[in-house]
Colleague: 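Below is a structure I'd like to ask you about.
Here is how names work: the chains are called A, B, and so on, in the same order as the sequence lines, proteins then strands, and each is numbered from 1.
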Protein chains: 2
Amino acid sequence: MNRRPPTLSDVARRAGVSYATADRVVNGRAGVSEKAARNVQAAIEDLGYVRNVAAANLSQQRLYRFAIVLPAGSNGFFQRMQALFAEAASRLLADRVSLQVESVEAFDPEALTSRMTALAEAPLDGVALVASDDERTAAGIAALRAREIPVVTLVSDLPGSQRNAYVGIDNVVAGRTVGRLIRMAHGGRRGRVLPVVGALSARDHAERLSGMREVLGDDFEIAPVLEGRDRHEMVETLVGLALADDPEITAIYSAGAGNAGLVRLLEALPPDAARPYVFLHELVPHSRRALEEGRIDVIIDQRPEEEVARVVEHLTLLADRRALVRTDPIVPTIFLRENLPQAQADALEAAG
Amino acid sequence: MNRRPPTLSDVARRAGVSYATADRVVNGRAGVSEKAARNVQAAIEDLGYVRNVAAANLSQQRLYRFAIVLPAGSNGFFQRMQALFAEAASRLLADRVSLQVESVEAFDPEALTSRMTALAEAPLDGVALVASDDERTAAGIAALRAREIPVVTLVSDLPGSQRNAYVGIDNVVAGRTVGRLIRMAHGGRRGRVLPVVGALSARDHAERLSGMREVLGDDFEIAPVLEGRDRHEMVETLVGLALADDPEITAIYSAGAGNAGLVRLLEALPPDAARPYVFLHELVPHSRRALEEGRIDVIIDQRPEEEVARVVEHLTLLADRRALVRTDPIVPTIFLRENLPQAQADALEAAG
DNA sequence: CGAAATTTGATAGACGTCTATCAAGACCCG
DNA sequence: CGGGTCTTGATAGACGTCTATCAAATTTCG
């Protein structure tokens with residue numbers, strides 16, 4: 001129960017070969033007879049040999065150099081994600097993983113592409129990026145892959161491209177989840193839903209809406225979709241007008257960003273007036289506060305903590321040319337005011 | 001950008017001391033003047049030195065031997081947890097962490113205590129266990145601590161004891177979350193809730209109920225609490241009787257186990273008959289199926305995957321006498337049929 | 001001042017794996 | 001059977017840290 005785990009020398013001895021031969025087998029180097037290889041494999045299984053990663057990493061001086069490209073700007077979600085990556089970076093220093101977190105102008109495929117071109121020249125072992133739905137982005141990914149640099153898309157995918165993996169939620173699932181919650185909140189009654197997105201041309205926003213529609217079916221009316229460009233002033237204005245215009249609205253689903261404007265609008269309502277149910281995405285300071293104060297009802301979060309962890313996991317595995325585990329999408333998480341995570345507030349404060 | 005991370009030799013050189021002295025500083029060994037220590041610290045910060053854990057682990061031949069004690073039996077939740085620990089164990093072999101997963105008879109504090117006494121004699125670096133609310137368990141924990149073996153309680157806490165940490169959800173929070181969902185599902189209307197627990201004397205079940213009550217306040221009636229002993233036949237019978245007896249019930253909250261019985265009962269209902277909203281705990285095969293088939297509405301899950309990861313994290317840190325990170329409780333997660341995790345089914349199948 | 005105590009330096013060996021090199025042995029084919 | 005190719009063995013050095021030892025230098029204190 002307490003004995004030393006077997007080393008490769010033990011394996012070699014057991015297999016009746018030299019250390020060199022055993023090493024050739026485990027590292028897939030050429031020049032080993034089939035028989036010897038079989039013996040070594042058998043010895044590995046007999047002894048339950050597992051390669052000591054500490055020793056392996058040490059001897060190889062393995063360094064993992066990853067670049068993470070995030071959209072810049074005031075978007076609370078990406079600020080949170082950036083803080084999480086920064087925190088991960090300092091934690092991962094001890095494991096010889098260096099994360100270089102970069103910002104590019106949001107919604108600017110040109111800027112993203114030129115950044116990617118630059119990264120393709122850098123000595124990197126992997127890149128994660130928030131893809132924009134654009135041919136140039138796909139070309140940038142291809143350029144990185146051509147240099148043998150693995151690429152992971154994050155939050156927003158680009159399915160046709162050569163990216164190795166996607167880390168993020170399935171937006172249709174997120175929309176369906178909101179649909180179900182809307183149904184629940186209406187307790188069997190019908191209602192009229194006001195959808196707000198950044199732009200209908202944004203694939204993720206459109207997918208969320210269509211997921212919601214799938215679940216609501218014909219039992220609910222859907223008001224004309226507002227496109228707020230993810231800008232809070234615009235969201236505030238448009239939603240304000242729509243609500244004034246259409247008193248039948250029983251629920252608002254904001255599938256995009258710019259929710260600070262929505263929250264401002266809700267704060268301006270008389271405190272005890274009936275208001276529509278409000279569902280929105282991403283747990284950030286202002287949405288958290290709104291939920292705590294009862295101005296909104298549900299936040300759908302894509303758990304950036306989990307996404308950050310998984311990006312690092314994927315990039316490390318890809319850099320070692322190993323198989324990915326856990327390629328299923330991130331599950332959108334439902335936050336009500338009752339199950340808000342506790343540490344969240346502190347972590348955000350600490351991040352400034 | 002691509003240079004070799006600094007080693008302790010670099011630090012020593014920079015600080016103008018020998019490697020030996022630098023080593024004494026970083027490992028907190030005695031026999032270093034204050035001045036030398038300050039110089040070394042400064043050099044560490046200047047260079048951004050981070051101890052290479054691979055090298056450190058290698059040189060120390062550090063082995064982490066942890067024991068995990070779970071209640072035996074057919075309980076789907078603990079079966080899932082056991083599978084997750086087994087999976088973690090094989091993954092962690094490469095990191096020289098050995099998890100020895102043990103079962104003891106459920107609800108048998110005597111059996112748990114004698115197991116703990118045995119473990120106190122074993123060469124272990126940490127123990128995780130599902131505490132039962134019992135003095136003997138507290139004594140067992142004390143015995144382990146007396147042998148310098150860190151102890152983490154899992155799923156069920158024992159606050160008065162000497163355990164180093166608790167990994168699990170806050171059951172009041174879970175109950176409050178359900179309370180909010182019940183409110184939502186009633187869409188502003190009143191209702192009558194049937195609570196089902198294993199036993200009112202079980203602290204976690206009682207806490208869940210009181211959390212729910214907090215949120216429902218006086219707007220809802222609460223039917224007499226059923227105690228199903230976490231046994232599915234008993235739950236099936238009791239709930240069946242209660243529903244027949246009390247047609248006013250609009251929601252069922254099952255805060256304990258034995259939900260297979262509840263699901264059977266619901267399956268027996270005529271398919272298109274109105275049924276109460278049903279809320280229960282833990283995503284396991286039968287509850288998952290019930291949710292997929294629309295026989296229940298919500299599953300509150302305590303994310304055993306996350307708990308397993310955190311147990312390992314805590315035990316490792318404790319074994320190294322380091323400070324714990326992330327001591328906030330696990331956040332109860334809400335699953336609707338729309339946001340069920342995908343991989344779950346496969347993972348459970350694979351675990352057999 | 002001198003003896004004792006404390007601090008420092010130098011260094012060696014170990015941890016397990018990886019990489020590389022060189023020589024020797026086994027095998028094949030003409 | 002001789003020359004070539006393939007396979008194997010032996011071994012050395014490196015990775016960065018930890019532990020230990022011994023001697024030398026410095027400080028403390030009676």
Side-chain angles (χ1 to χ4, degrees), chain A residues 2-41 43-44 47-64 93-98 319-322, chain B residues 2-41 43-44 47-64 93-98 319-322:
Chain A
N2 196 10
R3 67 186 186 289
R4 182 182 57 83
T7 72
L8 192 51
S9 298
D10 298 329
V11 170
R13 201 171 315 123
R14 168 76 159 238
V17 301
S18 70
Y19 179 92
T21 299
D23 176 81
R24 288 182 181 109
V25 173
V26 298
N27 287 310
R29 268 187 274 277
V32 184
S33 67
E34 244 185 66
K35 195 179 111 200
R38 254 184 290 116
N39 285 342
V40 172
Q41 285 297 354
I44 287 176
L47 298 176
Y49 166 77
V50 180
R51 182 244 242 91
N52 183 329
V53 280
N57 287 345
L58 177 58
S59 81
Q60 297 188 113
Q61 278 189 291
R62 188 77 172 94
L63 260 182
Y64 299 91
L93 261 187
D95 300 321
R96 310 286 113 161
V97 174
S98 88
D320 290 339
R321 297 162 191 282
R322 298 207 287 144
Chain B
N2 196 11
R3 66 185 189 291
R4 184 181 56 84
T7 73
L8 192 51
S9 298
D10 298 329
V11 169
R13 200 170 317 122
R14 168 77 158 237
V17 301
S18 70
Y19 178 92
T21 299
D23 176 83
R24 287 181 182 109
V25 173
V26 298
N27 287 310
R29 269 188 274 277
V32 183
S33 67
E34 243 184 66
K35 195 180 113 204
R38 255 184 291 115
N39 285 342
V40 172
Q41 285 298 355
I44 286 176
L47 298 177
Y49 166 77
V50 180
R51 183 241 243 94
N52 183 330
V53 281
N57 287 343
L58 177 58
S59 80
Q60 298 187 117
Q61 279 187 288
R62 188 76 172 93
L63 258 183
Y64 299 92
L93 261 186
D95 300 322
R96 310 288 113 159
V97 173
S98 88
D320 289 338
R321 297 164 192 281
R322 297 207 287 145

Colleague: For residues B:T7 and B:N52, determine if any side-chain heavy atom of one lies less than 4.5 Å from a side-chain heavy atom of the other.
Modeller: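 No - every pair of side-chain heavy atoms lies 4.5 Å or more apart.
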Colleague: With sequence neighbours excluded, tell me which residues meet salt bridge (Lys or Arg N to Asp or Glu O under 4.0 Å) with A:R321.
Modeller: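 Salt bridge (Lys or Arg N to Asp or Glu O under 4.0 Å) list for A:R321, sorted by chain: A:E148.
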Colleague: Return the nearest nucleotide to the side chain of A:L58; candidates are C:dT8, D:dG9, D:dG16.
Modeller: D:dG16
Colleague: Write down the distance between CZ (A:R4) and P (C:dA14), rounded to a whole number of angstrom.
Modeller: 14 Å
Colleague: For the CZ atom of B:R96 and the CZ atom of B:R62, what is their distance to the nearest 0.5 Å?
Modeller: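 One finds 13.5 Å between CZ of B:R96 and CZ of B:R62.
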Colleague: Specify the separation, in whole Å, of atom NZ of A:K35 and atom P of D:dT8.
Modeller: 8 Å
Colleague: In this structure, how many angstroms lie between the P atom of C:dG9 and the CZ atom of B:R13, rounded?
Modeller: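 Nearest whole value for this atom pair: 14 Å.
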Colleague: According to side chain to side chain donor-acceptor pair (under 3.5 Å), does anything in residues 18-28 of chain B pair up with another residue at least two apart or in another chain? List the pairs.
Modeller: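 Every pair satisfying side chain to side chain donor-acceptor pair (under 3.5 Å) with a residue in residues 18-28 of chain B: B:S18-B:T21, B:D23-B:N27, B:D23-B:R29.
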Colleague: Check this one for me: any side-chain N or O of B:S18 less than 4.0 Å away from OP1 or OP2 of C:dT8?
Modeller: no
Colleague: Side chain of A:Q61 only, please: which of C:dG9, D:dT8, D:dG16 is the nearest?
Modeller: D:dG16
Colleague: Can you tell if the side chain of A:Q41 reaches within under 4.5 Å of the side chain of A:I44, non-hydrogen atoms only?
Modeller: yes
Colleague: Mapping A:V53 and B:A36 onto DNA chain C by nearest heavy atom, which one lands closer to the 5' end?
Modeller: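 Of the two residues, B:A36 wins.
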Colleague: Scan nucleotides 18-25 of chain C nucleotide by nucleotide, 5' to 3', and note B when protein non-hydrogen atoms come under 4.0 Å of the base, S if they reach only the sugar-phosphate, - if neither.
Modeller: BB------
Colleague: When you check the phosphate oxygens OP1 and OP2 of D:dC15, does a side-chain N or O of B:T7 lie under 4.0 Å from one of them?
Modeller: no
Colleague: Just wondering, do B:R14 and B:L47 contact through their side chains at under 4.5 Å, heavy atoms?
Modeller: yes
Colleague: Between D:dC15 atom C1' and A:L63 atom CG, what is the distance in whole Å?
Modeller: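 These atoms are roughly 12 Å apart.
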Colleague: How long is the line joining CG of B:N39 and C1' of C:dT8, in whole Å?
Modeller: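 So the two atoms are 13 Å apart, to the nearest Å.
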Colleague: Tell me, do A:L93 and B:P5 make a side-chain contact under 4.5 Å, heavy atoms counted?
Modeller: no
Colleague: Could you check how far CG of B:N52 sits from P of C:dT17, rounded to whole Å?
Modeller: 16 Å
